[in-house]
Amino acid sequence: MLPVRMKFVQLLCMKPGKLETLFQIPFCQKQFPFMCLATSTCLHSKKKKVNSYELVDQEKYNNLVSSVTSYKTGAQTPETIFEEDNWLYGPPKQQKRPVKAETKAPKHWVPLINPNKKIPLLNNDSNFPMKIPLQENKTKMPSVTHILQQTISPQQAIYLERWKQKMILELGKDGFAEYTKNLFLQGHLFHAALESVFLSEEMVTKEQREDVTVSGYLSSVERVLKDISEVRALESAVHHEGLQYLGLVDCVAKYRGQLCVIDWKTSEKPKPSLKNTFDNPLQVAAYIGAINHDANYDFQVSCGLIVVAYKDGSPAHQHFMAPELCSEYWNKWLLRLEEYMDRNPPKLSSAEIKGVIEAFPTEGAQVPLHLAVTLDVTVEHPLQAKAFATQLAAMHHSIVTGAGGELRNGRGRALEP
DNA sequence: GGATCCTTCTTCTTCTTC
């Protein structure tokens, strides 16, 4: 109670103009002992309507202060305090919610679904899933997992490091290395077993069946497998032609009738919600975008599925990602990719310089390359494209992730999709 | 034959009061 009164007095000091109003309203009559009123009548002289702070009788004012602060009767109730506060500070303002960190938008947005991809009317009905080896992508492009690892949030990095140090304390350095090696091995074996399941009618090889761990994971996904059909790709390399990244997709198949990029995961801990899978949804979205922009695949995918399998055979958690959710994660992926590209701008090879020269032959020419964009390089005339390219190469500047660019008025810029 | 690549996993939140 006392602090409220103190504040009240403070306010009186700060806003002398309020004194007038204070003693006119009925509430204070209820609240303050007679002595206060007496004092107030002195202060509140109609002749001196100016009522500036200097005019306050300091001695009497001190009395007011002491009378107020020593006011100890139990007359205050929560209601009167509320009333008082309300008068002093005005009606309570709605507590402003902390503004959510603005959802960042990627600088150069590229759609997840490729509007230019022609899907053959007659679907290639070979029942054999595609498996494109990695080596076909000769150019040096960063991979999805590498980009995600390099752009992990500081918070996540701290948790991971803390966990790692704890494990090393428990197991020792060698023990920890053995532990991670084992985890990776389990993942590999599980993937291999799944591939056998999808490729051959007969379930799995003898060794795989006999492997206790793998059989646990397999029985964990047994029910999911019943919902999988029309496997279109297995452990197949994908690369995004515009955005210049690559990856190895686990599986593309229909899950309950919808074509999905499927990521099979093994986990020690249960992961009942999609949020428990950390960056996995971004990985899936990145693969979907890559498939849709990879000429090797004559189909497009708009859904994703993350299956988390458990060693003890308990039912796997399946997280289906509908198209809207995939788009959401696609945007998050684009941001991570941009962050990575900003930190590791690709250097131009001589072949790429040649590509730039060829791509900028005339004014307004389209540049169907990943090498477009915020080029702070100016050329006087299109014929100077060569000089421009050389300068560009020298700077190996802001190569963008956009779908393309153009040269207009001697300046390269990104094309809005 | 060796080297390299991609991937395989690992993390997770607070506070008060009744």
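A quick note: this is a predicted structure, and the numbers were derived from the prediction, not measured. Chain identifiers are assigned alphabetically (A, B, ...) following the order of the sequence lines, protein sequences preceding nucleic acid strands; residue numbering begins at 1 within each chain.
Scanning both residues, Gly257(A) and Lys254(A), for their nearest heavy atoms gives O-CD, 3.7 Å.
Each of His146(A) and Tyr179(A) has a nearest nucleotide on DNA chain B; the 5'-most of these lies closest to His146(A). Between Lys269(A) and Leu185(A), the residue anchored nearer the 5' end of DNA chain B, judged by the nucleotide with its closest heavy atom, is Leu185(A).
For Thr180(A) and dC9(B), the shortest distance from a side-chain N or O to OP1 or OP2 is not below 4.0 Å. Distances shorter than 4.0 Å separate some side-chain N or O of Ser267(A) from OP1 or OP2 on dT10(B). Proximity of Ser143(A) to the phosphate of dT7(B): a side-chain N or O atom is located under 4.0 Å from OP1 or OP2. Side-chain N/O atoms of Thr266(A) include one lying less than 4.0 angstrom from OP1 or OP2 on dC9(B).
For the segment residues 152-167 of chain A, residues with any heavy atom less than 4.0 angstrom from an atom of DNA chain B are, sorted by number, Gln156(A), Tyr159(A), Leu160(A), Arg162(A), Trp163(A).
One interatomic measurement links the two molecules: NZ of Lys311(A) to P of dC9(B), which rounds to 12 Å at whole-angstrom precision. Atom CG of Leu248(A) and atom C1' of dC5(B) are 9 Å apart (whole Å). If you take NZ of Lys275(A) and P of dT11(B), they are 18 Å apart, rounded to a whole angstrom. Rounded to whole Å, the distance from CH2 on Trp264(A) to C1' on dC6(B) is 20 Å. With rounding to whole Å, Phe184(A) atom CZ is found 13 Å from dT7(B) atom P.
When distances run from any side-chain atom of Lys271(A) to the nucleotides dT7(B), dT10(B), dT8(B), the shortest one goes to dT10(B). Listed nucleotides dT7(B), dT10(B), dC12(B) differ in distance to Tyr287(A); the shortest reach to its side chain belongs to dT7(B). For Lys265(A), the listed nucleotide lying nearest its side chain is dC9(B); candidates were dC6(B), dC12(B), dC9(B).
Counting any heavy atom pair closer than 4.0 Å across all strands shown, Asp263(A) reaches sugar-phosphate atoms only and no base atom. Gln186(A) comes within contact range of no nucleotide atom at all, as no heavy-atom separation falls under 4.0 Å.
Taking the side-chain contact (heavy atoms from CB on, under 4.5 Å) definition, one finds that Gln258(A) meets it with Cys303(A), Phe320(A), sequence neighbours left out.
Electrostatic pairing of Arg343(A) and Glu339(A) counts as a salt bridge here, judged by a charged N lying under 4.0 Å from a carboxylate O. A salt bridge does not link Lys131(A) with Glu235(A): none of the charged nitrogens is closer than 4.0 Å to a carboxylate oxygen.
Aromatic ring orientation, Trp163(A) versus Tyr179(A): tilted (interplanar angle from 30° to 60°).
If you look at His146(A) and Tyr245(A), their ring centroids are not closer than 6.0 Å.
The shortest side-chain heavy-atom distance between Leu194(A) and Cys251(A) does not fall under the 4.5 Å cut-off.
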